[in-house]
Amino acid sequence: MRPFHDAARFYERPTGLVGRSPLRTNAESAVTRFIIRRLLSSVVVILIIITLSLWITRQAPSNPCLQEREANACACIKEHALDRPIFPVHNPPPLTPLEGCQYWESSGSLVLGPIEVLPLSEWSETQYVIYVATLLQGSLGGSMVTDRTVLETLGAALPYTIQLGIQALLIALLIGVPAGLIAGLRQNTLPDYGVMTVAMVGVSIPNFVLGPLLIMLFSLKLGWFTAVGWESWSDSVLPSITLGLFYAAYIARLTRGGMLEVIRKDYIRTARAKGLTEQIVVLRHALKGALLPVVSYLGPAFAALLTGSVVVEEIFNLPGVGTHFVRSALNRDYNLVLGTIILYSSLLVVLNLVVDILYTVLDPRVSYDD
Amino acid sequence: MTANLPPTGSDGDVRPASAAPEPTPPKDELVEGTSLWKDAFRRLKKNRAAMGGLIIVAIMASFAIFYPLFVKYGTRFTQEEQHSYVVPRPPGSYSVPSTHYGRLSKEVWSFEKIDANGDGRVNADEIELAYKTWEFERIDRDGDGALNYDEYAAAPFSMPSPTEFIPACRQWSSIKRNMAPIDHPDIFACDADEAGLLHFEDAGRLVDIVSRGEARDILARMDTEGQGYITPEQFEGLPRPQRNWLGTDQLGRDLLSRMLFGARISLAVGLLATFVSFVIGVSYGATAGFVGGKVDNLMMRVVDIMYGLPFMFLVILLMVVFGQNIFLLFIALGAVQWLTMARIVRGQVISLKGQEFVEAAQTIGVSKFNIIFRHLIPNALGPIIVYATLTVPAVMLEEAFLSFLGLGVQAPMTSWGALASEGRQLMETAPWLIIYPGAALAITLLSLNFVGDGLRDALDPQLRKD
């Protein structure tokens, strides 16, 4: 006689659907359609971002050219096309032309004047079209303050930010998921209360408070790590912990919630009834369902990790993208600002897409059709 | 005749008709049912963490609201008054408030005692010296006229005094060095004499609690004729030094007062930005959910797209480009947060709008606007309130984040985030400058999170995960 759980496994995988049934082909084309649609909407998102940030930067009361002497300022303004209209459909900001060149100085607040549509022949002259054309050539333009191009600057900075992000995410998952599982499985016991209290505290400590505290403790007092800078791998430990601990706490809460929801489901009861060990029930059956909220959180988490890395890079003085973003924004290096924002949004869009696809691997019930 | 008519007489002392004593209503036989809100409140009261959080939030809010009172009668320092020190002073140190001061009694601090050279006039130098003596006597606990190492170590000096202020330092010797603890070989070395004692003459700026400028200000308050000194007749008593309970920053501003003021900004940003997100999110979500169909589809697609935008970067850009305008900050932070609110409200409205009470309202001709705002939203209030409560800490965190980058509120205003940002730069010499504001922020966020969780459990027990 077959062991009981083998029989159960037999029922779990109905052989009838294996192979290329019409149902399956449908699902696959739905996935393809979904990905194509998401890519299209990603392009829209990035276009919106470019438009908004270009508008904000060009409406600014100051620009990098004004730091130069007057004759140079004119050349600078001409070089970066700042004397042209911003959009094909634009509202002319209140202007004060600089001597000798048509410099557009706005009043410093977002003004919506009467909207004027440029004639079609002048569209290619606008800053927006010029910028998008530069992007389509695969360039992000040159920095307006330094001699390097935006791509070079960001290319040098990106590895730090990515390494920081990945390490922080690993910390978050490696601490958060097991802690959440323990809390969920031992609900209303001491470990549960302990984990949940620590997690609540972790969610409430801002990373710019945690970072300096960690520096004070581990760098200044114990001398285990260097306080700032990034020379070797060990320098990335404190920043990653600072960035990752918040998400570890949040993921622990999510995992616990997911586990509590799943563990009462009928299919878990079935799995237990057919005599599977608790370990298999938890790891093979319950975990998948319990992780769904975590996976759907990963999208927003990526966005927050990128934002958080701005602060962490600032605290630890790391040469990452976030540091460039803040400095370039303060220096009015608008091309670098735009490049950073485009880089961030593209990263975000791609990561969100990956998360959505990952979600279907875990939960095949998700439908891609509207 | 009714009492509503105007009195006809000149001094019309007309009694209103309702002045007659009303009969007490008969006791209602019906047992009053518990409403959803009463029920929720009962559940909330049982949740100790949430109630504790609520109390802490209430305390923080009262600090914020009654900041002028706390400053006047509690800390005695306003958040912007400076007492120029070279270094931040640690918790427990003293300085002399310049606005809300009390006076030391004239008996103890008599004119004759302050008048060091005995010429019958007190000038700024003598006032400065008087405060120095006061500080030295306070630190000198055993009253032997000199500081030994224990007294030195217990006194709230933020760092070893700079050597150039101490004449006796030139006679520095290895004996004195050996007296100091191994990890701080220089802390006591320069200041003490051969016997390891620090005398008043050598203490120098170590016991300064007023600067020369402040001493002149104090003098000028009594010196009404501008003669540069005061006579015994003009003397009103010197302002009493007050304790800086949480220390000062390097400009000598009292940290506790600044934190009380910071509570104002932090909580105000949290509440106002949440209100902005509440208004946008609820209107948007309710409209989408109620109208439904293509409009709903379009509106929600817009929300989906906006979810993909890295909003914080746009906010940062906005703050950099248009200066740190606090109203822009409210709007920008609120505009970031409304998306989830819109989704929640839309879901609630869709599940409610098919119910009979909406149909009933439609039947009697209630306008669509009123159906949404008078019938649907009040019924969806539970999840809305829970989410709004959880939005407050999120927004406060974002404000602190922006202030930390130097893009949030600007001087002379301050917030907890801005204070932590200032504190980070002096982390090594003055850890209290980041620890206290950071702790205030973390405790408030923790409390708000507990309240939010508790409200969720109370209002929607089905959502409860345990």
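Proteins come first, then strands; the chains are lettered A, B, ... in the order of their sequence lines, and each starts at number 1.
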Which answer fits V201(A), side chain, backbone, both or neither, if we ask what part of it has an atom under 4.5 Å from a heavy atom of chain B?
both
Counting heavy-atom pairs under 4.5 angstrom with chain A, the leader among D453(B), I435(B), L397(B), I434(B) is D453(B)
Chain A: which of G423(B), P393(B), A400(B) shares the most heavy-atom pairs with it under 4.5 Å?
A400(B)
So what's closer than 4.5 Å to chain B heavy atoms on V326(A): side chain, backbone, both or neither?
side chain
d(L317(B) CG, L52(A) CG) to nearest 0.5 Å is 9.5 Å
In terms of heavy-atom pairs under 4.5 Å with chain B, the winner among V337(A), V311(A), I205(A) is V311(A)
Only pairs of heavy atoms separated by less than 4.5 Å count here; which of L446(B), T444(B), L405(B) has the most with chain A?
L446(B)
Between Y344(A), F208(A), F325(A), the one whose heavy-atom pairs under 4.5 Å with chain B are most numerous:
F208(A)
Minimal heavy-atom distance between V310(A) and F313(B), with the atoms involved, is CG2-CE2, 3.7 Å
Quick one: are L314(B) and I49(A) in side-chain contact, heavy atoms under 4.5 Å?
yes
Residue from L213(A), I315(A), I46(A) scoring the most non-hydrogen pairs under 4.5 Å with chain B is I315(A)
Look at S53(A), G184(A), A329(A), S204(A) and state which one has the largest set of heavy-atom pairs under 4.5 Å with chain B.
S204(A)
Counting C-beta onward and ignoring hydrogens, is there a side-chain heavy-atom pair between F450(B) and M200(A) closer than 4.5 Å?
yes
